[in-house]
Amino acid sequence: MAAANPFQKILTALEKPDGGEFGKYYSLPALNDPRIEKLPFSIKILLESAIRNCDEFQVKSNDVEKIIDWENTSPKQVEIPFKPARVLLQDFTGVPAVVDLACMRDAMNNLKGDSNKINPLVPVDLVIDHSVQVDIARSENAVQANMELEFQRNKERFGFLKWGSNAFHNMLVVPPGSGIVHQVNLEYLGRVVFNTDGLLYPDSVVGTDSHTTMIDGLGVAGWGVGGIEAEATMLGQNHLYSRPHDRVALKEMKVDWHACLDNRVGFKVRKAYVSCNALQGFSVPKESQSKVVEFNFQGSPAQLRHGDVVIAAITSCTNTSNPSVMLGAALVAKKACDLGLEVKPWIKTSLAPGSGVVTKYLQKSGLQKYLNQLGFHIVGYGCTTCIGNSGDIDDAVAAAITENDVVAAAVLSGNRNFEGRVHPLTRANYLASPPLVVAYALAGTVDIDFETEPIGVGKDGKKIFFRDIWPSNEEVATVVQSNVLPHMFMATYEAITKGNPMWNQLSVPSGTLYAWDPKSTYIHEPPYFKDMTMSPPGAHGVKNAYCLLNFGDSITTDHISPAGSIHKDSPAAKYLLERGVDRRDFNSYGSRRGNDEVMARGTFANIRLVNKFLKGEVGPKTIHIPTGEKLSVFDAAMRYKSEGHDTIILAGAEYGSGSSRDWAAKGPMLLGVKAVIAKSFERIHRSNLVGMGIIPLCFKTGEDADSLGLTGEERYTIDLPSSVSEIRPGQDITVVTDNGKSFICTLRFDTEVELAYFDHGGILQYVIRNLIKS
């Protein structure tokens, strides 16, 4: 049971200059331990949290000592419990989190517990920023038009989130149209110091996005976590850490592009400035690389070549929170306009600022008009193109690409460019700073050497080069200094707290339990707690499982659970059509993460999925091993489940890399996947698999499916003790196949707490049972 905090004696008053005190804080120097002075700042944040939350139950004095003794414990695998000050969500992760919380309340009721215990115990900030799409571009009215369409598509989701903000304590929802989560966190949500009932402590945050760490720039410790972990953190669980234990240089862009064009496997150069998704090359024959496709665009002749840019998006992301690069992009636009350069009209250009502050300083500087002149009108405030909400490209351009197999390019100032994510028709997707997005839009192609080749021809007939439009550091600094002003931030966020008319008019039900609508295709009660009892199901192995999918390296969360458009021939599309949803109203997978039926069908539905079973064919299909039939992944998984067979997945290195995405673990669990055997896992994704009760296993160093002679057509048995007390974190496990092969893997339950989650069938079941017992 919890006890009194043994560190009360170091509570120290922070006095005001004119008398009185701001509050009290736990003073680390008051411990008089010389080791503390040597600790890095980030470790001191962990130490203060452990001291403040020490109750000799969830956080013990021994945990505090582990942190203080960091210099000696750092080389070791030591667990550190951490309770962050708050949790940060965006709506693509926030909707399923609130769905889970609502479902957990029902489960608590069914188990005769107190459903009001399902309430965030720390502040939760949820920013609705991932729903706006670039339906309208190159228009002064784009912001309003896109927001109206956003509300039409997402009214039910938004209403659900608004219900959640009323039904759950400690939950702030920042309405649509306010900005992207990273920038709103930096400019508004970051507290730096909390004062809770007179207790002062450092701001710290875990967020359901890998770029939560941007807040570190304010001296606020931030970590990216999965949605499942975030939910447990909201409900008072410690976040447990083990002790801390593709970019292309701009001058190499053209060389890299041709390497990708030539080869089946592209280059992964990690240098500077620009990054391409071409881990898989395009393998276009030399004789076809220079072909020119003629087409008609709005009554005028037009041409497309391999590498031509069809999407150029300054999209809300990490670097768009930096005024220097945003104003730098505007200066590039001004110089280009002054010289008479233009962007081809069939390139879909867009500008989605990270907050209203950006609009204010672009307008004050007088530079927004030059961005508009090149087609970079403001389209909305949110993630847009980076998450796949790029909207349609013109039908004539789309036809020219598909009918002629053109490798078209997108250039965006986002942070993700995985295959099939940005747009289904842009196979070459490059990440770039906002000024470079403008430069590539002007060039119209990524097949250019900016140092030696002109971007275009000016109004006087002279060739214009990259150096002619690139602003100096001094020019950028001058514009920033005179146009980015404090009152802009205050005015912007005063308006946010008032909401906007469409949000304020949303009518939502009252009550603390959600009234599930079985006909809803957006919000659906998930089956996670069906037939749940107070007795944990216990540890389990896997017996005679079939391999559902056989992957190589670098399978991302976008491959596993795409966020973008729902393909018209997919199982998810069939489900929606059967329920009367018109194709134009499909919205995206990301927007339907509150419906497990859609998301299970969308698992492994990425159109660029590469599965070894398909012998080079690309797409969301697999082979049903017993019959040899080629089926959609969902249909194959359901066939295995109906036959009473478990399944596993074989994978290479970096399995689950990319955006933190809880549905990349929830989806496989619903498909019946019991284990993933990979060369290595991305940190957050491995944790999410554990949270959903899926066993993560790693091949031994130097081994993989190919080296062991595994085809994936075998049946796999993973022998685990039935008592979790007999399992150790990181122990060796033997995997046996039905054709006599046997190999050793490392069990990637990394902590004792993760083993407890596995024993309970998942982290959410663990939390429910423990809340009822408490």
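- Salt-bridge check for Glu451 with Arg467: failed, with every basic side-chain N at 4.0 Å or more from each acidic carboxylate O.
- Residues Asn146 and Glu150 have side chains that never bring a donor and an acceptor to within less than 3.5 angstrom of each other.
- Open room surrounds NZ on Lys462; 12 or fewer heavy atoms of other groups in view lie less than 6.0 Å from it.
- Here the closest non-hydrogen pair linking Leu374 and Leu341 is CD2-O, 3.8 Å.
- Screening residues 390-404 for side-chain hydrogen bond (donor to acceptor under 3.5 Å, both in side chains) gives no qualifying pairs among residues at least two apart or on separate chains.
- Side-chain atoms of His685 do not come within 3.5 Å of backbone N or O of Glu682 as any donor-acceptor pair.
- Every residue two or more places apart in sequence or in another chain that forms a side chain to side chain contact (heavy atoms under 4.5 Å, CB included) with Asp216 is listed here: Thr213.
- For the pair Glu453 and Lys254, the salt-bridge criterion is met [side-chain N within less than 4.0 Å of a carboxylate O].
- Residues satisfying the salt bridge (charged side-chain N to carboxylate O under 4.0 Å, His left out) test with Asp338, not counting sequence neighbours, are Lys334.
- In this view, Asp135 and Arg153 satisfy the salt bridge (charged side-chain N to carboxylate O under 4.0 Å, His left out) rule, not counting sequence neighbours.
- A 6.0 Å sphere centred on CD of Glu475 holds more than 12 heavy atoms belonging to other residues, nucleotides or ligands.
- A donor-acceptor contact under 3.5 angstrom links the side chains of Thr315 and Thr384, judged on distance only.
- Applying the salt bridge (charged side-chain N to carboxylate O under 4.0 Å, His left out) rule to Lys612 yields the partners Asp706; only residues at least two apart in sequence or on another chain are considered.
- Between the side chains of Gln152 and Glu148, no donor N or O sits under 3.5 Å from an acceptor N or O.
- Here the closest non-hydrogen pair linking Pro571 and Ser632 is CG-OG, 3.6 Å.
- With sequence neighbours left out, the salt bridge (charged side-chain N to carboxylate O under 4.0 Å, His left out) criterion links Asp91 to Arg157.
- Residues that satisfy the ring-ring contact (aromatic ring centres under 6.0 Å, His included) test with His423, not counting sequence neighbours, are absent from this structure.
- In this structure Ser561 satisfies the side chain to side chain contact (heavy atoms under 4.5 Å, CB included) test together with Met599, Arg661, Trp663, Ala664, sequence neighbours excluded.
- Applying the 6.0 Å contact sphere to NZ of Lys364 captures more than 12 heavy atoms from other residues, nucleotides or ligands.
- With sequence neighbours left out, His306 forms a ring-ring contact (aromatic ring centres under 6.0 Å, His included) with no residue at all.
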| request: Give the C-alpha distance, both sets of side-chain angles, the deciding distance and a yes or no for side-chain hydrogen bond (donor to acceptor under 3.5 Å, both in side chains) between Thr359 and Tyr381. | output: CA-CA 10 Å; Thr359 302; Tyr381 300 90; 2.6 Å; yes
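- Counting only N and O atoms by type, the side chains of Asn587 and Asn154 include a donor and acceptor under 3.5 Å apart.
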| said: With salt bridge (Lys or Arg N to Asp or Glu O under 4.0 Å) as the criterion, how do Asp405 and Arg427 come out once you've worked through the C-alpha distance, each side chain's angles and the decisive distance to 0.1 Å? | reply: CA-CA 10 Å; Asp405 199 23; Arg427 289 162 63 190; 3.1 Å; yes
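- Remark: Phe450 pairs with Tyr440, Phe466 by the ring-ring contact (aromatic ring centres under 6.0 Å, His included) rule, at least two apart or across chains.
- The side chain to side chain contact (heavy atoms under 4.5 Å, CB included) test applied to Val292 returns Glu294, Gln303, Arg305, not counting sequence neighbours.
- A salt bridge does not link Lys335 to Asp468: none of the charged side-chain nitrogens sits closer than 4.0 Å to a carboxylate oxygen.
- One N or O on the side chain of Thr445 and one on the backbone of Gly307 form a donor-acceptor pair closer than 3.5 Å.
- With sequence neighbours excluded, the residues satisfying ring-ring contact (aromatic ring centres under 6.0 Å, His included) with Phe551 are Phe604.
- For Ser554 and Glu654, the side-chain atoms include at least one donor-acceptor pair closer than 3.5 Å.
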